[in-house]
Novice: 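Structure incoming, see below.
Just so it is clear, the structure is predicted and the values come from calculations on it, not from any experiment. To find a chain, count down the sequence lines: A is the first, B the second, and so on, and within it residues start at 1.
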Amino acid sequence: MSSPVTAGWGYVAGGYGAIGALVAGYVVSVLRRRRSLTRRLRPTPAEPALDHRPSTATVEEVP
Amino acid sequence: MTLTVPALSKHPRRSLLDRASFVLGVASAVGVVALLFLGLVVSPPAILYGETVRLIYVHPAVATITFVAFGVCALASLAYLWPRTRSPRWDHLAGASAEVGVLFCAATLVSGSIWGRYTWGVWWTWDALLTLTLMLFVVFVGYLALRRTGGDPVARAKRCAVTALLAFLLVPIDHYSTSWWNTLHQGNTVLRVGKSPLIEGWQLATMLLSFLVFAVLFAWILLRRFEVESMEARLEDEGYVWAIAERRAEGR
Amino acid sequence: MWRDALLVAGKDLRVEARSRVTTNQVVPYALLVLLLFGFAFDQDRPVLAAVGPGLFWVAVLLCCLLAVQRSFSLESSDGARDGLRLSGLDGGGVFLGKAAAIAVQLVVLEAVLAFGVVVLFGTHLADPLLLVSTCVLATAGLAAAGTVYGVMSAGLRVRETLLPLLLLPVVAPVLLGATQAWLAAAGVVAGSGWRWLSLLAAFAAIYLTLGVLAFGTLLEDV
Amino acid sequence: MEPVIRFRSAVALVGPFPVLAGVDLDVYPSEIVLLEGANGAGKTSILRACAGLLRVVAGEARVLGRDLVADPRSVRRRVGLLGHSTALYDDLTVADNLDFAVRASGGERSGVAPAMARLGLTGRLPASRVASLSAGQRRRVALAVLVARDPELWLLDEPHAGLDADNRDLLDALVTDAVGRGRTVLLASHERHRAHALAGRIVTVAGGATDPSVPDRRVRDAGGPLGFGPRSDAPGPEPGVSHVA
């Protein structure tokens, strides 16, 4: 059995790697979804993006 | 004739949320780097565990965040179910925190079993806390499956809110049932560390830092995910206005 | 509310009496499950005897799943679900009614299964009082939880696969508690089985109260 | 006179799709109103909305004085909906079904026997399982439930479909009786001839809304207090009474 000190690094790498991969992978997916959504939500130029829209959207706004 | 359709969700104010999440983003990035540096380089290996003690800088923090995330989900669900405080935003928060919770729960389980492999020589033991965490993971995966079922958004939100509450009620029940059953776990030196005599100096400092860093990271991810959830709802919501116009055109 | 509950339970049980689905299909299925366990442990009698209670409760859990799916398939036919909504029955009443109907069917199943376990596995069952009270509490918990998740997944297209995913992990504590109580009754496990009953009682209480409160809104939405 | 049904630009959604996109409708007590329109125009949705089954998310929706937007469940026991699906349990017998349906909605069992007699559900029918009945018979059982409950508002979705000639006459008689007893009827039907003979007023539905361009046509005075002129705020239907071909 290799001495406990060196054997430990394998597990440390495994642990950090696992958490890192999971968290990083998820963060990337969330950011990508967020970017695509902001693009799809880009309103017509007349209306500023993500402004304080009135709580009810009235049909009038629909051309 | 004006036809008003209540937007099912008020979208988050841009300035406050964006600025907050930007700051959080930077803070969590810096925190992670500092934690890696302290955890892997500066703090000494322990006598008994050798290098694997470094796992103590990630595993307990991730585990704690898991419970925090599921707690946020349960509270948001409760707020949604309560008629006075009902608003779609609670449902979005519940959905976001559940998903982040499942992520951290997976991280906890993986890192826990890797560490268990070293210290107990086995990937999995039917220990009270491990079983509880795995139970929570399975139950909330079911919750996420329920979130994706379609239909009327209000109905979906109610179903999910009730499930989230039930899932979170599982925590105390499971806690007792599994702890009566048996427990191998080391007690709270691993999970919630107060001033623990077992470790001190750099190790303790790094560990406390790890809780802070992961808390900030959690908050940032949650905020981003919450924004995504709200935007998705708004997209669906805006669809209604167009759909109503098309529907009426059908009639003419 | 209790009048509504009786009405709904009466209806469900009368449907069962007429259609005989549980007695003709679920009971044989339960015995089949025991048989499969027998094959799995290749008739190693001492092991089977010791593991009997656990297998019993796993079989009960699987049958509870079928009973819940059957109970909510009644409503999915020909607009019956709208009928229930339209009738203006009290949500809590409908919940208790359906849960009671499921519970009755489960009790019948448990009787048959207990007989099966004793015969097939040769499990020694002592302390009948503890056994029966465990059954009563566990059945209440299973029926309540089953009804809550049953109505939740009833309206959805993916209900067949969603219900097990939602229900089984949640009733795991019941499986654990009931099995431990039975093992204690059979003297296999040290310590008193009564401790586990308090767990089963807590579980049943939580799901019964939450079911009565939430069922109305859950039934409301498809 | 407080209308039994009062919808103002009511919107209802099924998932993302707005089945109702701005419905304006007034129905007054003891009136028989016919909803006409193409398939998918929203007739059934209007009936389901009136019964409180379909949630109205915007606009105003009041039935029997109750606000459906706030609480759709408040009106259900006073309303009867006869839809395409009969809401019966196949495994139960006709008698069991009727008994459960009536008692579940708060009615008395006493109403069951006369209703069955009225609908000709006699002989071996009461004891036979609903699963073994023909479509026409099933509709008669569903109709019997409605007759036994005798709610204040009758919502009939294509009631004549699947009924043979004399059963249709029976239906018309039942509806006329109900209106005679002060009940109100809102029905959707494609049976132009029969529906027009039955209905006092016709509202056209298109594109999930009541179509303002087509004025409400008055067929004839169907008894009951109908002669109170055009509705206050709706587009004025021409007062003259013309028999619509």
Novice: State which residue, out of T38(A), V30(A), L31(A), fulfils the side chain to side chain contact (heavy atoms under 4.5 Å, CB included) condition with V228(B).
Specialist: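 Only one of T38(A), V30(A), L31(A) forms a side chain to side chain contact (heavy atoms under 4.5 Å, CB included) with V228(B), namely V30(A).
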Novice: Salt bridge between R33(A) and E99(B), side-chain N to carboxylate O under 4.0 Å?
Specialist: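 So R33(A) pairs with E99(B) through a salt bridge.
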Novice: Stepwise, does the side chain to side chain contact (heavy atoms under 4.5 Å, CB included) test hold for V110(B) with I19(A)?
Specialist: CA-CA 8 Å; V110(B) 168; I19(A) 294 181; over 6 Å; no
Novice: Working to the nearest 0.5 Å, report the span between SG of C105(B) and CG of L22(A).
Specialist: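 These two atoms lie 11.0 Å from each other.
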Novice: With a cut-off of 6.0 Å (strictly less than), are more than 12 heavy atoms of other residues, nucleotides or ligands near CH2 of W220(B)?
Specialist: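 Yes, because the 6.0 Å sphere around CH2 of W220(B) holds more than 12 heavy atoms from other groups.
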Novice: Would you mind checking which part of V32(B) comes under 4.5 Å of any heavy atom in chain A, side chain (CB onward), backbone (N, CA, C, O), both or neither?
Specialist: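 Looking at V32(B), nothing touches chain A.
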Novice: When rounded to the nearest 0.5 angstrom, what distance separates CG in L103(B) from OH in Y26(A)?
Specialist: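 L103(B) CG to Y26(A) OH: 6.5 Å, rounded to 0.5 Å.
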Novice: Could you report the tightest heavy-atom contact between I114(B) and A18(A), atom names first, then the distance?
Specialist: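 Scanning both residues completely, I find the closest heavy atoms to be CD1-CB, 4.4 Å.
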